[in-house]
Number of protein chains: 2
Amino acid sequence: MKAKSASTEEKIKEAARVVFTKKGYAATKTRDIAEEAGLNLALLNYYFRSKEKLFEIVMIENLQKLFAFLAPTLNDTSLSLDKKIVTISANYIDMLFQNPDLPLFVLSEIRTRPERFAGIIKLDTYVLQSHFMQQIREKKKKINPVQFLISLMGMLIFPFLTRPVFQTSSAFDEASFTQLIKERKKLIPQWLKSMLE
Amino acid sequence: MKAKSASTEEKIKEAARVVFTKKGYAATKTRDIAEEAGLNLALLNYYFRSKEKLFEIVMIENLQKLFAFLAPTLNDTSLSLDKKIVTISANYIDMLFQNPDLPLFVLSEIRTRPERFAGIIKLDTYVLQSHFMQQIREKKKKINPVQFLISLMGMLIFPFLTRPVFQTSSAFDEASFTQLIKERKKLIPQWLKSMLE
DNA sequence: ATTTGATTTAAACAAATGATTAAATCAAAT
DNA sequence: ATTTGATTTAATCATTTGTTTAAATCAAAT
């Protein structure tokens, strides 16, 4: 009767991922997570000690997904700038399709307590001092390369942040959104290219 | 002793604007607002009946700022597409500088209860069916004009959404951020122009 | 000075929330 | 079958939260 595929601990984690990502930390009750997991409320404290500790685990995973996910491609010295932009666009959009609520959740929680996550994000190491940034700098010497990074990431992520806004319009259903994002996989690298010329 | 410039009601509203925008609805306690206003907790219910009602007032104001703010320029038939892009970029960035926390707060709350705000946002009327969108359609017939709208708004808004992320890097202080955004006022219209060619 | 209604105050309430507790149950070893 | 430690359960706790209540205070009219 204990031949379950998921341990209790893992069930709680998975439920926490779902509920925290959907509702954010403050609006998530421990009872919500217990219910989502189909388990007794007290188990959350038994396995994770506190709501806060559980949240931290979920948050660190999500930061990895959003930030560290980029590092290998950004720092790959064998790819041209154009190839990198194409690769990043494709990979990031695919990742976001699997985790559409992630950006808004993460940005919202970082805003609430930024100092808590500074050591994990490591923006300097993985992003700002990456090979990719060097490549941009060489291409456009007169403009801060961060400008292009922000625009690229903005164009990739923003539609996911505003999806609920677009869903308030009857002209936008799930299929429209998906279609729109698929088109962007092609458009964004083209746009970045013309911006860099 | 009642010759105050701000009425009690207005004081509460202003405090609510500050606290809700900073912390979001769920994490905001009525006691936080009372403290910010320097008033007695029970006054919130006396003047506004509930936390929810107070929030609604603040939220509607903020939606106007983010969405309706755009409508006049988008629908101004006397401006060329290029001029519109320049105007929107400048005006929106100025507005965001005064309300840097607004986008993240609004997007986050819309995500929590989108059906509540559909009637206020009026995306179809003011944005999707605007003169601006027609102008884009005429310029680039083969691409959904929403693509350009998303990219423009994404490039304008995204830096404000990710400001706390950038602040985790020691390379970014307030002055850097301001400088970066000022540059974008010029860069974004240029970029949009090349994207539309 | 008194009355009346409006506003403010501080305390209290009822429910919700994260956490704790102790007992029950399970699982493995002897 | 018993013991031991691990896990689970349901109840309880202590605190917090949005709201309500009743009294005090204010302000204007008489």
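No hydrogens, no waters, no symmetry mates; every other heavy atom, side chains included, goes into these values. Order of the sequence lines fixes the chain letters, A, B, ..., with proteins taken first and strands second; residue numbering starts at 1 for each chain.
Within residues 45-61 of chain B, the residues that place at least one heavy atom under 4.0 Å from DNA chain D are, in residue-number order, B/N45, B/S50, B/K51.
Aromatic rings from B/F20 and B/F55 are positioned such that their centres are separated by under 6.0 Å.
The separation between B/I33 atom CD1 and D/dT17 atom C1' is 12 Å, rounded to whole Å. One can place CG of B/L44 at 14 Å from P of D/dT17, the figure rounded to the nearest angstrom. A/E35 places its CD atom 17 Å from the C1' atom of D/dT9, with the value rounded to the nearest Å. Across the protein-nucleic acid pair, B/I12 atom CD1 and C/dT7 atom P stand 11 Å apart, rounded to whole Å. One atom, OH of B/Y25, and another, P of D/dT17, lie 13 Å apart when rounded to the nearest Å. Nucleotide C/dG18 holds its C1' atom 12 Å from the CG atom of A/D32, rounded to whole Å. Between the CG atom of B/L41 and the P atom of C/dT7 there is a distance of 18 Å, rounded to whole Å.
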Which nucleotides of DNA chain C pair, in dot-bracket form (Watson-Crick or G-U under 3.5 Å, | meaning another strand): ||||||||||||||||||||||||||||||

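Of the possible donor and acceptor atoms, one in the side chain of B/R184 sits under 3.5 Å from a partner among the backbone N and O of A/Q147. The backbone N or O of B/V165 lies less than 3.5 Å from a partner atom in the side chain of B/T168, making a donor-acceptor pair. A donor-acceptor pair under 3.5 Å is absent between the side-chain atoms of A/E183 and the main chain of B/I143, judged by distance alone.
For A/D82, the side chain to side chain donor-acceptor pair (under 3.5 Å) partners two or more places apart in sequence, or in a different chain, are A/K193. Scored by the side chain to side chain donor-acceptor pair (under 3.5 Å) test, B/D173 finds B/S176 as partners (sequence neighbours excluded). Listed by chain and number, the residues in a side chain to side chain donor-acceptor pair (under 3.5 Å) with B/T178 amount to none (sequence neighbours excluded).
The A/R31 side chain lies nearest to C/dG18 when the options are D/dT9, C/dG18, D/dT17. You'll find that the side chain of B/A42 is closest to D/dT20, out of D/dT20, D/dT17, C/dG18. Listed candidates were D/dA10, C/dT8, D/dT19. Nearest to the side chain of B/L43 is C/dT8.
The shortest distance between side-chain heavy atoms of B/M195 and B/S151 falls below 4.5 Å.
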Return a table of donor-acceptor pairs under 3.5 angstrom between the side chains of residues 58-73 of chain B and protein atoms on other chains or two or more places apart.
from  : atom 1 : to    : atom 2 : distance (Å)
B/E61 : OE1    : B/R17 : NE     : 2.7
B/E61 : OE2    : B/R17 : NE     : 3.4
B/E61 : OE2    : B/R17 : NH2    : 2.9
B/N62 : ND2    : B/V58 : O      : 3.3
B/K65 : NZ     : B/N99 : OD1    : 3.2

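Under 4.0 angstrom from either OP1 or OP2 of D/dT8 there lies at least one side-chain N or O belonging to A/T8.
Nucleic acid contact class of A/L39 (heavy atoms, under 4.0 Å, all strands): none.
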